[in-house]
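Everything below concerns the one structure shown next.
Protein chains get the first letters and strands the later ones, always in sequence-line order, with residue 1 at the start of each.
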2 protein chains.
Amino acid sequence: MADPLSTVFAALADPTRRAILNMLLEDDMAVTDVAEPFQMSLAAISKHLATLADAGLISRERRGRVIWCKLEPDALRNASVWMQGFGQFEPVDLDAFERFLETELATEFADDSPAAPD
Amino acid sequence: MADPLSTVFAALADPTRRAILNMLLEDDMAVTDVAEPFQMSLAAISKHLATLADAGLISRERRGRVIWCKLEPDALRNASVWMQGFGQFEPVDLDAFERFLETELATEFADDSPAAPD
DNA sequence: GCAATCGTCAACCGGATGGTTGAATATCGT
DNA sequence: ACGATATTCAACCATCCGGTTGACGATTGC
């Protein structure tokens, strides 16, 4: 299909998928458990997981009835490295980091929160 | 529209736009000059530049007749920082970096090369 | 074997995306 | 003022994307 870098970035360009990655950061999870906090259907989450797996960001392994999803940081690292190539000429600004984290916590948790807004 | 992080990743998820960023890494450029190496229409490039500007990855400044495009690494750094949050638990492997650069040079230049394949 | 559970597949829908072309706008040079 | 240059706008088109629902396949447990 598309080049790997495009696939990874496209996979990251969705708050639901980034939230899933965040969840998988804590632990491997079954598809149903991944889907549980979200409002959308299981099929939708299944598609998101397929997208993440296509990008190499996660792997899925069937064990009995349940399919376990596991973070695969390698693809992410490639993209990160690509970015660092750009950022290279200017070192990471830790102040900007903190400022970013604040705004990101605000927006991301508003947009991505798996908790139903009800 | 969407949250900033999604916008940045979506902007990066296109080889043409990444190639443009690569070009702007060298120097600021006029829109026409950005478009010159590509096969697509000027309008298409103009849209790509708008996408990049929306994501905050570039800025455009009109000086006379010509609009100069300039890389704005801040948005990229935010995304990079987000990624590093994921990669944190495992440090960047410089060997992997080099290996990646090779394959990326191969694929990126096959897919993204501004030079007409003719 | 049968019912329940886990997950995907297929078809569909509306809206975004990436491209085109042609007209419109803005600026420059004469 | 006019023509040329630089860039965008608008309309259009095909395709992709994120979601839905309903049927299907696989596995478990009774």
Footprint string (nucleotides 23-30 of chain C, 5' to 3'): B base within contact, S backbone only, - free, heavy atoms under 4.0 Å: ----BB--

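Of the residues in residues 42-50 of chain A, those lying under 4.0 Å from DNA chain D by heavy-atom distance are Ala43(A), Ala44(A), Lys47(A), His48(A).
Closest approach of Ala55(B) to Ala75(B), counting heavy atoms only: O-CB, 3.3 Å.
Between Ser41(B) and dG19(C) there is no side-chain polar atom (N or O) within less than 4.0 angstrom of OP1 or OP2.
Take Glu61(A) and apply the salt bridge (charged side-chain N to carboxylate O under 4.0 Å, His left out) test, not counting sequence neighbours, and it matches Arg63(A). Partners of Ala10(A) by side-chain contact (heavy atoms from CB on, under 4.5 Å), not counting sequence neighbours, listed by chain and number: Ala13(B). Applying the side-chain contact (heavy atoms from CB on, under 4.5 Å) test to Thr51(B) and every residue at least two apart in sequence or in another chain returns Ala11(B), Arg17(B). Every residue two or more places apart in sequence or in another chain that forms a side-chain contact (heavy atoms from CB on, under 4.5 Å) with Ala53(A) is listed here: Ile58(A), Arg60(A). Residues satisfying the side-chain contact (heavy atoms from CB on, under 4.5 Å) test with Ala43(B), not counting sequence neighbours, are Ser41(B).
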His48(A)/Val34(A) under side chain to side chain contact (heavy atoms under 4.5 Å, CB included): CA gap, chis, key distance, verdict: CA-CA 11 Å; His48(A) 280 306; Val34(A) 169; over 6 Å; no

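For residues 64-73 of chain B, the set of pairs meeting the side chain to side chain donor-acceptor pair (under 3.5 Å) definition, not counting sequence neighbours, comprises Ser59(B)-Glu72(B), Lys70(B)-Glu72(B). Sorted by first then second residue, the ring pair (Phe, Tyr, Trp, His ring centres under 6.0 Å) pairs that include residues 5-30 of chain B, not counting sequence neighbours, are Phe9(B)-Trp82(B).
Taking atom CG of residue Leu12(B) and atom P of nucleotide dT17(C), one finds them 14 Å apart after rounding to whole Å. The CD-C1' distance, from Gln39(B) to dG18(C), rounds to 15 Å in whole Å. Rounded to whole angstrom, the span from the CZ atom of Phe9(B) across to the P atom of dA16(C) amounts to 22 Å. Atoms CD (Glu61(A)) and P (dC6(C)) sit 18 Å apart, rounded to a whole Å. Look at CE on Met40(B): it is 12 Å from C1' on dT20(C), rounded to the nearest Å.
Under the side-chain contact (heavy atoms from CB on, under 4.5 Å) rule, Leu57(B) has a single partner from Leu12(B), Thr7(B), Leu71(B), which is Leu12(B).
One distance of note links CD1 of Ile67(A) with CG of Asp28(A); it measures 13.5 Å at 0.5 Å rounding.
The outermost nucleotides of DNA chain D lying under 4.0 Å from heavy atoms of chain B, listed 5' to 3', are dA4(D) to dA11(D).
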